[in-house]
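Accompanying notes for the structure given below.
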Amino acid sequence: MYDVVHEPLITPSCAAAALDWYDRHRRALPWRSEPHEKADPYVVWLSEIMLQQTTVAAVKPYFAAFLARWPNVSLLAQAPIDEVMRQWAGLGYYSRARNLHACAKRVAGEFDGRFPDTEAALRKLPGLGPYTAAAIAAIAFGRRAAVVDGNVERVVARLFAIAAPLPAARALIREKVEALTPSARPGDFAQAMMDLGATICTPKQPACAICPLLDHCAGRASGEPRRFPVKAPKRERPRWRGAAFFVRRADGAILVRTRPPKGLLGGMVEIPGTAWSADFDPGAALREAPIHAPYRKLESVVEHVFTHFALRLDIYVAEIARTSRAPAGCRWALEGDLDKEALPSVMRKVVEAARKGGKLFGGGD
DNA sequence: TACACGTGGTG
DNA sequence: TCACCAAGTGT
């Protein structure tokens, strides 16, 4: 076995092959304009923010709802932030929603409602990092920009059989993308590479046989395209515990509170609870209850997995007199209106468990 | 550079 | 059951 170096030629043919494939096999997505149509920067921006670390399937309904409610950036800029957080609830990475609103206000205020049309200017806006600034510059404004997301990383790492592990290999991958990106149709090229990564050059089972870049691909030539990209090992995820207190007033109102604007679930609404930690003491949970009440601990628990820890919550439920006042930092929300609150998914699980548990023991509605 | 930051689907 | 992953950004 010879130690052959497979080095694809960086010629227009590679980009041309990707573009040709894109013209025939591109995905139809709600935020995508036809090749001859002009892209709406607002639509491109909104979709790109939502798509950060988020699947197409998850984004679709949120994108439709946002666009229907706020058809342009100036209208979004005028919306109350709480409205935006509510509309974003369930999509995750909530700092994106805060930055989305901040960005809309900047564009409406400083740029008269029109997004800046260069990568450098876009990069200065909140929520726009290297990927998103390049993507908008290329897709919405036809600028030649190196668009590198997770898909492109994978495709390019395979194309060049890059052996260096991520994230250190990012600089090299970026150089390769920079060299590959054509001056003509840079936006379509970027989307072609992303579609390739999403549908052909997939993480587990790449469909090399039908890949338009097959003849260019060193990873394929190596016989083991799945080896690329090489990744550094991940840290293990700690298990945290805590408790939540579902308090229902006699008139059906539920005690809720809004989390601080920054950090985990920043600015979102929650059912009050203890702090979450690895050394949570279940026996001492009631000491952290937000309000005095005859709590009953449910048998069922709520489990939820965040990016960097797994959480198990004990659920306490209680009925309380109609005259009870909300403690500092909390407020009452009508149970029927909880759907409309900016409840993150983990808190929707808490509400669901409390309702189910409450009924089971005959204490409920 | 490394870590915080959500969620739901998938093999 | 569980690790992996999906159009990353901010600090």
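Each chain gets a letter, A, B and so on, in the order the sequences are listed, and its residues count up from 1.
Checking the phosphate oxygens (OP1, OP2) of dG10(C), no side-chain nitrogen or oxygen of R96(A) falls inside 4.0 Å. Contact annotation: T55(A) does not reach the phosphate of dT7(B) (side-chain N/O to OP1 or OP2, under 4.0 Å). One finds a side-chain N or O of R235(A) lying less than 4.0 angstrom from the OP1 or OP2 phosphate oxygen of dA4(B). For dG8(C), one of the phosphate oxygens OP1 or OP2 lies less than 4.0 angstrom from a side-chain nitrogen or oxygen of Q53(A). Y94(A) has a side-chain polar atom (N or O) that falls below the 4.0 Å cut-off from OP1 or OP2 of dT7(B). Contact between the side-chain N/O atoms of H308(A) and the OP1/OP2 oxygens of dC5(B) is found at a separation under 4.0 Å. Here K234(A) reaches the OP1 or OP2 of dC5(C): one of its side-chain N or O atoms lies under 4.0 Å away. Look at H304(A) and you'll find a side-chain N or O under 4.0 angstrom from OP1 or OP2 of dT7(B). Taking only side-chain nitrogens and oxygens, T132(A) comes nearer than 4.0 Å to OP1 or OP2 of dT9(C).
Separating the C1' atom of dT1(B) from that of dT11(C) is a span of 12 Å, rounded to the nearest Å. Rounded to whole Å, the separation between the P atoms of dG9(B) and dT9(C) comes to 24 Å. Taking atom C1' in both dG6(B) and dC5(C), the straight-line distance is 13 Å, to the nearest Å. Nucleotides dG10(C) and dG8(B) are separated by 24 Å at their C1' atoms, to the nearest Å. Going from the C1' atom of dA6(C) to that of dC5(B) covers 15 Å, rounded to whole Å. Spacing between dA7(C) and dG11(B) at atom C1', rounded to whole Å, works out to 23 Å.
Between R69(A) and E83(A), at least one side-chain N (NZ, or NE/NH1/NH2) sits under 4.0 Å from a carboxylate O, which counts as a salt bridge.
Taking the six-membered ring where the residue is Trp, the centroids of W31(A) and F63(A) are separated by under 6.0 Å. Between F306(A) and H304(A), the ring centre distance stays below 6.0 Å. The aromatic ring centres of Y62(A) and W88(A) sit 6.0 Å or more apart. Taking the centre of each ring, F246(A) and Y316(A) stay at or above the 6.0 Å mark.
No contact: G266(A) has no heavy atom under 4.0 Å from any strand. L29(A) comes within 4.0 angstrom of a nucleotide base, judged by non-hydrogen atoms across all strands. At the heavy-atom level, T307(A) lies under 4.0 Å from base atoms of the strands shown. Among the atoms of the strands shown, base atoms are found under 4.0 Å from some heavy atom of R32(A). Contact annotation for V147(A): no contact, since no heavy-atom pair falls under 4.0 Å across all strands. R27(A) comes within contact range of at least one nucleobase, with a heavy-atom separation under 4.0 Å. Using a 4.0 Å heavy-atom criterion, one finds that W88(A) contacts no nucleic acid atom at all. Residue contacts shown for K231(A) are limited to sugar-phosphate atoms, with no base heavy atom under 4.0 Å away. Among the heavy atoms of the strands, none lies under 4.0 Å from K204(A). Residue L91(A) is classed as a base contact, given a heavy-atom separation below 4.0 Å to a base.
The nucleotide whose nearest atom lies closest to any side-chain atom of F306(A) is, among dA6(C), dC5(B), dT7(B), dT7(B). Here the nucleotide nearest the side chain of L265(A), chosen from dA7(C), dG6(B), dG10(C), is dG6(B). With distances taken from any side-chain atom of R239(A) to the nucleotides dC2(C), dG6(B), dA7(C), the minimum falls on dC2(C). You'll find that the side chain of P344(A) is closest to dT7(B), out of dG6(B), dT7(B), dA7(C).
For R226(A) and dG11(B), the CZ to P distance is 14 Å, given to the nearest whole Å. If you take CZ of F228(A) and P of dC5(C), they are 16 Å apart, rounded to a whole angstrom. In this structure, I173(A) atom CD1 and dG8(C) atom P are separated by 13 Å, rounded to whole Å. Between the P atom of dC5(B) and the CE atom of M268(A) lies a distance of 15 Å, rounded to the nearest Å. A straight line from CG of L128(A) to P of dG10(C) spans 7 Å, rounded to a whole angstrom. For the pair L51(A) CG and dG8(C) P, the computed distance is 8 Å after rounding to whole Å. Atom CG in L166(A) sits roughly 14 Å away from atom P in dC4(C) (whole-Å rounding). Separating the OH atom of Y131(A) from the C1' atom of dA7(C) is a distance of 3 Å, rounded to the nearest angstrom.
Judged purely by distance below 3.5 Å, without hydrogens or angles, the side chains of R96(A) and T54(A) pair a donor atom with an acceptor atom.
Below the 3.5 angstrom threshold, one finds a donor paired with an acceptor across the side chain of T54(A) and the base of dG6(B).
In this pair, W276(A) and F309(A) present their aromatic rings tilted. The plane angle is within the 30 to 60° band.
Exactly one of R32(A), R27(A), R26(A) qualifies for a side chain to side chain donor-acceptor pair (under 3.5 Å) with Q191(A). That residue is R32(A).
Residue V56(A) is the one, among K262(A) and V56(A), whose nearest nucleotide of DNA chain C lies closer to the 5' end (criterion: closest heavy atom). Of the two residues contacting DNA chain B, namely S345(A) and P167(A), the nearest-nucleotide position lying further toward the 5' end is that of P167(A).
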